[in-house]
There are 4 protein chains.
Amino acid sequence: MEGKSSRQEQALVRREQLVDTALALFSKQGYDATSIKQIAAAEGVAVGLLYHYFPSKSAVMRAIWERHSFLPELRALLLVEHNETAERVLRDVAERFSAMLAHKEALFRLMVRESQSNPEVADCLHTIVEEGIKALGAYLERRVHLGELRPHDTALTARTLLGTVLTTHLARLPIRPWAELVAQLLHGISRHSDHVRPGQD
Amino acid sequence: MEGKSSRQEQALVRREQLVDTALALFSKQGYDATSIKQIAAAEGVAVGLLYHYFPSKSAVMRAIWERHSFLPELRALLLVEHNETAERVLRDVAERFSAMLAHKEALFRLMVRESQSNPEVADCLHTIVEEGIKALGAYLERRVHLGELRPHDTALTARTLLGTVLTTHLARLPIRPWAELVAQLLHGISRHSDHVRPGQD
Amino acid sequence: MEGKSSRQEQALVRREQLVDTALALFSKQGYDATSIKQIAAAEGVAVGLLYHYFPSKSAVMRAIWERHSFLPELRALLLVEHNETAERVLRDVAERFSAMLAHKEALFRLMVRESQSNPEVADCLHTIVEEGIKALGAYLERRVHLGELRPHDTALTARTLLGTVLTTHLARLPIRPWAELVAQLLHGISRHSDHVRPGQD
Amino acid sequence: MEGKSSRQEQALVRREQLVDTALALFSKQGYDATSIKQIAAAEGVAVGLLYHYFPSKSAVMRAIWERHSFLPELRALLLVEHNETAERVLRDVAERFSAMLAHKEALFRLMVRESQSNPEVADCLHTIVEEGIKALGAYLERRVHLGELRPHDTALTARTLLGTVLTTHLARLPIRPWAELVAQLLHGISRHSDHVRPGQD
DNA sequence: TATGAATGAGTGTTCATTCAT
DNA sequence: AATGAATGAACACTCATTCAT
């Protein structure tokens, strides 16, 4: 089981350390404002070594996306039990999504930042968002069929839940317990919320 | 008697054109990735002329903020009539906020982008968000006292409305009619939304 | 006697002021490190106006030399009464040369500085020095013929006197009463020195 | 066993060559009028390499001072044998000082030039001059106590000797045998001067 | 694996100079 | 006489990248 020599292991470890160091710097200063020299210095190695592990600066960026992709984590997070109540599922998703954003803050900020100019990153972010909305929307659709929820624009609800959590982290607003958000989404804030809503058929 | 010679006027016009050109480029490529040379070339003037109007590259950025500040527009947008119904006011705010983001997309993207590394911009964005939440929250509070809305976390509702609109624009999702979002927020999506909601007192 | 219109007069005055301002700045910072913009700003006028009075930056430098030439002053200073005693003449020359250096310090420093790289200035300085040595040497030669001084290398004595005063100003050493220097020099070249000096015939 | 790889050695050699090249150019044209590009071209290397060895242009200047300091050489030159006669010591000092100025002409001219605007360099030059005067003055003082010389302003004599040599080099005057200067100075300060000098007590 | 010397195009910025007003 | 908008080459300095060791 020890399959790897310590040389190989060490090399892999170093590569991962370089990726992490680069992520931290890119996230704080931006990709353009971070130099290869800075990354090497932060890691305590010579500039040339970076080019031993990565063919270029943009390859370091790509390695970041590969190593720290949002998608698997997000997918796992959205694999909800369709038999659980909406309240529980929505609260769970909100809290886990929030926790993920907090945990991967550097990556998240880097993505938001670079997606404005890098189309590849923009696509990646777009996919993530759409997939999240689709998965959560599909679950909500099922709860509608089961009669727990009214017929409604489920994609919009998913967008509202995920978007609110995301905006909160992006703007560094205080993180409140997400149960309250879920409650508002489920039951509304109108005093007479039971009657037929106008503008919806 | 109009006080300005055509020479002075022309200079002011050129200054404003430079600011706009810089905004467009900064927004598309980012501040760091945009060179002074590019801005000058896009405007069809020599590099040195930029330094005749602005003492440095960062001063161009500052001129952008001064010329295109979000705040006044946002404040005007939040000066709502407190006697109007919540449905109408929320829909109005959502639509006008959405229109503003569409109209000032370049500036908005630049702010989001640079706020990640420029603390000054981050502060500015933070102020805008908090002010928006506060103003909209105050209105909602009043509707609660008037009995139109249930007692609830009004700041959270404001955050949800504005955050959802913002995320939609940020992620370039299709812009739906915002009335549906307002309806969901007001009345919820639960079939039995009339009874007392658990977890809220 | 009013021969000049006030416009012409004013223009001449402004020209002279510009030359003086330039001299002050060149002397303090050096010719290369001083910009046209700085000179204009120090005078409170627009850059273009400098080019109304002078065709180029180097022309400003030339105007300085023309306006503030050392030579006439130095020549006047060396027009000594050959019948006066050496002690009196040498003391007079030393004190007046020292006073001149103090009075025209800015010009003097500029000359020393620029003579290192500008051959024209170097020539000018060279001429001044040689002329000074020649004139003072001629006077000393006469005092030798009159029997007041021993036969000696009068050019060397002149060089010593002028060089010592010059070095003192250049190095910003304290200015002592120059009589003492003259006394020291004098009694080494006086006929009535104690005995025949070795190494001189 | 010699500790240094040829790579390291070569790097050190290159650094020193760059310093020397910079000294030659600075001395001829002045610090401000010499560009980094010129230095690199004169050495036949790329511009960037200069910044591999020095963090800035001014650091190149500092490296020049460190590598070619006058002080040690001047101090060695002033470590005279107090038992030797004044004639011999003064002649020795004058000749060795003159030789030093000839040998380090580039550095000497650079110092004089830049001391006019760079206070750090001015201080350095001032220290050198004062130290020289003090050391030579102390020696003369001793010869006074031994009765070889009359009581006199020894600092002034030192200033005269060093200043005359210095001025000669600065003004590119012909270098004469310094014995003659010493002879002139000496017989003005010898005890066996013919009579009490007026103006000194 | 790891170094750092070396490159040259690029950056933001300053400059002397011109010229329409 | 006086302004300041406009130019474009030059400046000090940084960068991603290469490669001999």
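Chain naming here is simple, since letters A, B, ... match the order of the sequence lines and numbering starts at 1 in each.
OP1 and OP2 of F:dA5 both lie 4.0 Å or more from every side-chain N or O belonging to B:Arg15. Phosphate proximity of F:dC11 to D:Ser35: present, with a side-chain N or O under 4.0 Å from OP1 or OP2. Close to F:dA6, at under 4.0 Å from its OP1 or OP2, lies no side-chain N or O of B:His52.
Side-chain atoms of D:Ser69 do not come within 3.5 Å of backbone N or O of D:Trp65 as any donor-acceptor pair. Judged purely by atom type and a 3.5 angstrom limit, C:Glu114 uses its side chain to pair as donor or acceptor with the backbone of C:Tyr31. No donor-acceptor pair under 3.5 Å is formed between the side chain of B:Glu43 and the backbone N or O of B:Thr21.
Annotation: side chain of D:Gln116 is not in contact with side chain of C:Lys28 (no heavy-atom distance under 4.5 Å). No side-chain heavy atom of A:His68 sits under 4.5 Å from any side-chain heavy atom of A:Met111.
To the nearest angstrom, P of F:dA1 lies 10 Å from CG of C:Leu12. Note: CZ (A:Phe54) to P (E:dA2) measures 13 Å, nearest angstrom. In this structure, the CD atom of D:Gln38 is 13 Å from the C1' atom of F:dA12, given to the nearest Å. Remark: C1' of F:dA2 and CD of C:Glu43 are 13 Å apart, rounded to the nearest angstrom. As rounded to whole Å, 11 Å separates atom P of F:dC11 from atom CD1 of D:Ile39. Rounded to an integer number of Å, the gap from B:Gln17 CD to F:dA6 C1' is 15 Å. D:Met61 places its CE atom 13 Å from the P atom of F:dA12, with the value rounded to the nearest Å. In this structure, C:Tyr31 places its OH atom 13 Å from P of E:dC15, rounding to the nearest Å.
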Task: Paired and unpaired positions of DNA chain F as dot-bracket, Watson-Crick or G-U wobble under 3.5 Å, | denoting a partner strand - done: .||||||||||||||||||||
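Looking at heavy-atom distances under 4.0 Å, A:Tyr53 makes contact with sugar-phosphate atoms alone, never a base.
With sequence neighbours left out, the side chain to side chain contact (heavy atoms under 4.5 Å, CB included) criterion links D:Ala33 to C:Asp32, D:Gln29. Contacts of A:Leu50 classified as side chain to side chain contact (heavy atoms under 4.5 Å, CB included), with partners at least two apart in sequence or in another chain: A:Leu18, A:Ile36, A:Ile39, A:Ala40, A:Phe54, A:Val60. Partners of A:Arg67 according to the side-chain hydrogen bond (donor to acceptor under 3.5 Å, both in side chains) rule, which considers only residues two or more places apart in sequence or in another chain, are A:Asp20.
Between A:Ala11 and D:Ala11, the residue anchored nearer the 5' end of DNA chain E, judged by the nucleotide with its closest heavy atom, is A:Ala11. Comparing D:Lys37 and C:Val45 against DNA chain F, the residue whose closest nucleotide sits nearer the 5' end is C:Val45.
Interface residues of residues 19-27 of chain C facing DNA chain F, ordered by number: none; criterion, heavy-atom separation under 4.0 Å.
The number of heavy atoms from other shown groups lying within 6.0 Å of CD (B:Glu16) is above 12. More than 12 heavy-atom neighbours from other residues, nucleotides or ligands sit within 6.0 angstrom of CD on C:Gln17.
Checking F:dA6, E:dA2, F:dT3 against every side-chain atom of B:Gln10, the shortest atom distance belongs to F:dA6.
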Are there any protein N/O atoms within less than 3.5 Å of an N/O atom in nucleotides 17-21 of chain E, and if so, which ones and at what distance?
unit_1 : atom_1 : unit_2  : atom_2 : d
E:dT17 : OP2    : C:Tyr51 : OH     : 2.8
E:dT17 : OP2    : C:Lys57 : N      : 2.7
E:dT17 : O5'    : C:Tyr51 : OH     : 3.4

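Under the 4.0 Å criterion applied to side-chain N and carboxylate O atoms, B:Arg62 and B:Glu66 are not assigned as salt-bridge partners.
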Open item on the list: Quick one, B:Val112 with A:Arg113, criterion side chain to side chain contact (heavy atoms under 4.5 Å, CB included). Give me CA distance, side-chain angles, the key distance, then yes/no.
Closed with: CA-CA 7 Å; B:Val112 169; A:Arg113 198 190 155 102; over 6 Å; no
